[in-house]
Amino acid sequence: MSVIDLKTGENLVLKALVWRGTPEPPREGLVFLREGRVAAVAEGDNGCRDKVPAPGSPDLLELPGCTVIPGLIDCHVHLALDGRDFSRARQQWNNRPEWQERVKADLQETLERGIVAVRDGGDRAGIGLEAKQLVMSGRLDGPLVLACGQALHRQGKYGSFLGPGLTPAELETAVDSLARQGVDHLKVLVSGIVSFSEYGRVGGPQFTREELQRIVHRARGRGLRVMAHASGEEAVRLAIEAGVDSIEHGYFLSEESLHRMAARGIAWVPTVIPVAGQVRGQWRAQYTAREAEIINRTWRRHLKMVRKALEMGVTLGVGTDAGATGVCHGRGFLEELLLYREAGLSPADILLAATRNGAAILGLEHLLGCIEPGRPAFLVAVEGNPWKDIGALARVKYVFRPAQ
């Protein structure tokens with residue numbers, strides 16, 4: 001696997017199967033890259049053929065058996081956590097050299113999996129936000145990072161490792177403070193977490209509808225989107241009524257909520273692998289047989305709702321919750337996609353969720369998600385054809401991006 005930084009003054013032509021980020025299947029074609037941007041795309045026998053460099057030219061990269069696609073997007077990660085040892089990762093928060101070294105490796109792993117952008121879901125230490133700044137300045141290498149800094153949650157409720165607890169009187173002040181820190185979006189915890197010992201039980205809502213509306217209104221005034229951690233029907237309904245931009249997790253939501261999300265243009269990032277992964281590999285041993293059964297029932301129901309969401313027209317993104325126990329950065333992305341396949345989504349549906357939809361959820365549709373002239377060249381070449389077999393995304397050959 002190679003990461004190719006497209007430097008100023010350099011031109012490159014890619015010859016391969018090309019999927020442009022549309023509902024149409026890939027076609028044999030050429031992608032012309034100039035100054036770190038897509039200059040032109042020629043498919044089949046259409047246009048630009050006379051401008052192709054001669055075979056063997058350093059300006060021509062022939063990729064037989066490969067497909068070029070828009071870069072992948074992970075809509076939900078936690079860079080402050082490593083997915084392997086929660087306590088150890090938390091201890092590293094007080095040791096900047098240690099966590100920077102670990103985050104450096106996680107970002108590299110993420111990029112090498114073809115993921116060109118991630119949206120961080122927050123941490124109390126502000127590591128996700130600092131990681132964003134380090135990547136922007138070139139001091140860390142990795143994908144684009146969008147960060148929320150600290151997440152908003154109710155004092156005394158779930159989420160103390162994601163941010164300080166707030167009273168109702170502090171909501172607007174907290175939003176203003178985060179906006180001044182340069183965050184890209186807000187993260188609000190509307191519910192607690194899903195129980196693995198009692199099927200269907202979720203930690204209850206943390207804010208009232210009026211309080212959530214205050215948060216969303218203030219965020220809108222600061223130009224910020226709102227991602228809402230919400231599981232359980234009551235919390236999801238409150239988040240929808242408050243007008244958030246995306247529902248994160250969404251376990252045990254109803255078909256009625258999916259209808260409302262589709263009608264209001266609220267996206268869903270289901271994060272299946274953090275639950276499904278608990279009963280796989282080494283993590284299975286920590287649960288009793290009864291708990292494992294509950295976990296399996298939980299994620300299997302979730303997959304059915306993912307399929308229903310697609311049928312109802314809900315915008316689906318792909319988020320791994322990377323950093324959560326059992327979900328490693330980068331590697332968890334394909335695991336999530338394979339679960340979407342198990343839900344009955346086609347490779348085309350999955351590719352759109354992992355690229356174009358992700359760009360829209362992050363507010364980066366002008367930069368990512370499609371291969372079109374004038375856009376920055378955040379591209380990935382994989383061996384095989386993911387339109388026919390989504391497993392081809394495991395075989396990343398090149399990642400292309402504009403040089404900083």
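Being a predicted model, the structure only gives us computed values, none of them experimental. Counting begins at 1 with the first residue of the sequence.
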Are the side chain of [X] and the backbone N or O of [Y] linked by a donor-acceptor pair below 3.5 Å?
| X | Y | value |
| --- | --- | --- |
| E342 | L338 | no |
| T355 | P70 | no |
| W268 | M261 | no |
| H76 | P270 | no |
| E109 | R331 | no |
| R20 | I371 | yes |
| S177 | T173 | no |

Within the supplied structure, the quantity of interest is the number of heavy atoms (other residues, nucleotides, ligands) at a distance under 6.0 Å from [X] [atom1]; does it exceed 12?
| X | atom1 | value |
| --- | --- | --- |
| R301 | CZ | yes |
| M1 | CE | yes |
| R395 | CZ | yes |
| H217 | NE2 | no |

Intermediate values then yes/no, ring-ring contact (aromatic ring centres under 6.0 Å, His included), F400 and F378: CA-CA 6 Å; F400 304 91; F378 289 99; over 10 Å; no
Salt bridge between [X] and [Y], side-chain N to carboxylate O under 4.0 Å?
| X | Y | answer |
| --- | --- | --- |
| R209 | E241 | yes |
| R218 | D176 | yes |
| R119 | E248 | yes |
| D349 | R341 | no |

Verdict with reasoning, N357 to T315, per side chain to side chain donor-acceptor pair (under 3.5 Å): CA-CA 7 Å; N357 291 2; T315 298; 5.5 Å; no
Pair Q206-S191, side-chain donor/acceptor within less than 3.5 Å: no
Shortest non-hydrogen separation from A228 to A239 and the atoms involved: CB-CB, 4.1 Å
Result block: side-chain N/O donor-acceptor pairs under 3.5 angstrom for residues 157-171, not counting sequence neighbours:
{"residue": "T167", "atom": "OG1", "partner": "E170", "partner atom": "OE1", "Å": "3.3"}
{"residue": "E170", "atom": "OE1", "partner": "T167", "partner atom": "N", "Å": "2.8"}

Audit row: E311, R307, salt bridge (Lys or Arg N to Asp or Glu O under 4.0 Å) steps and yes/no: CA-CA 6 Å; E311 294 169 351; R307 177 60 183 265; 3.1 Å; yes
W93 six-ring centre to R90 NZ/CZ under 6.0 Å and within 45° of normal: yes
Distance in Å, E291 CD paired with S197 OG, rounded so as to fall on 0.5 Å steps: 6.5 Å
4.5 Å side-chain heavy-atom contact, R297 and I294: no
W299: partners by side-chain hydrogen bond (donor to acceptor under 3.5 Å, both in side chains), with sequence neighbours left out: N296
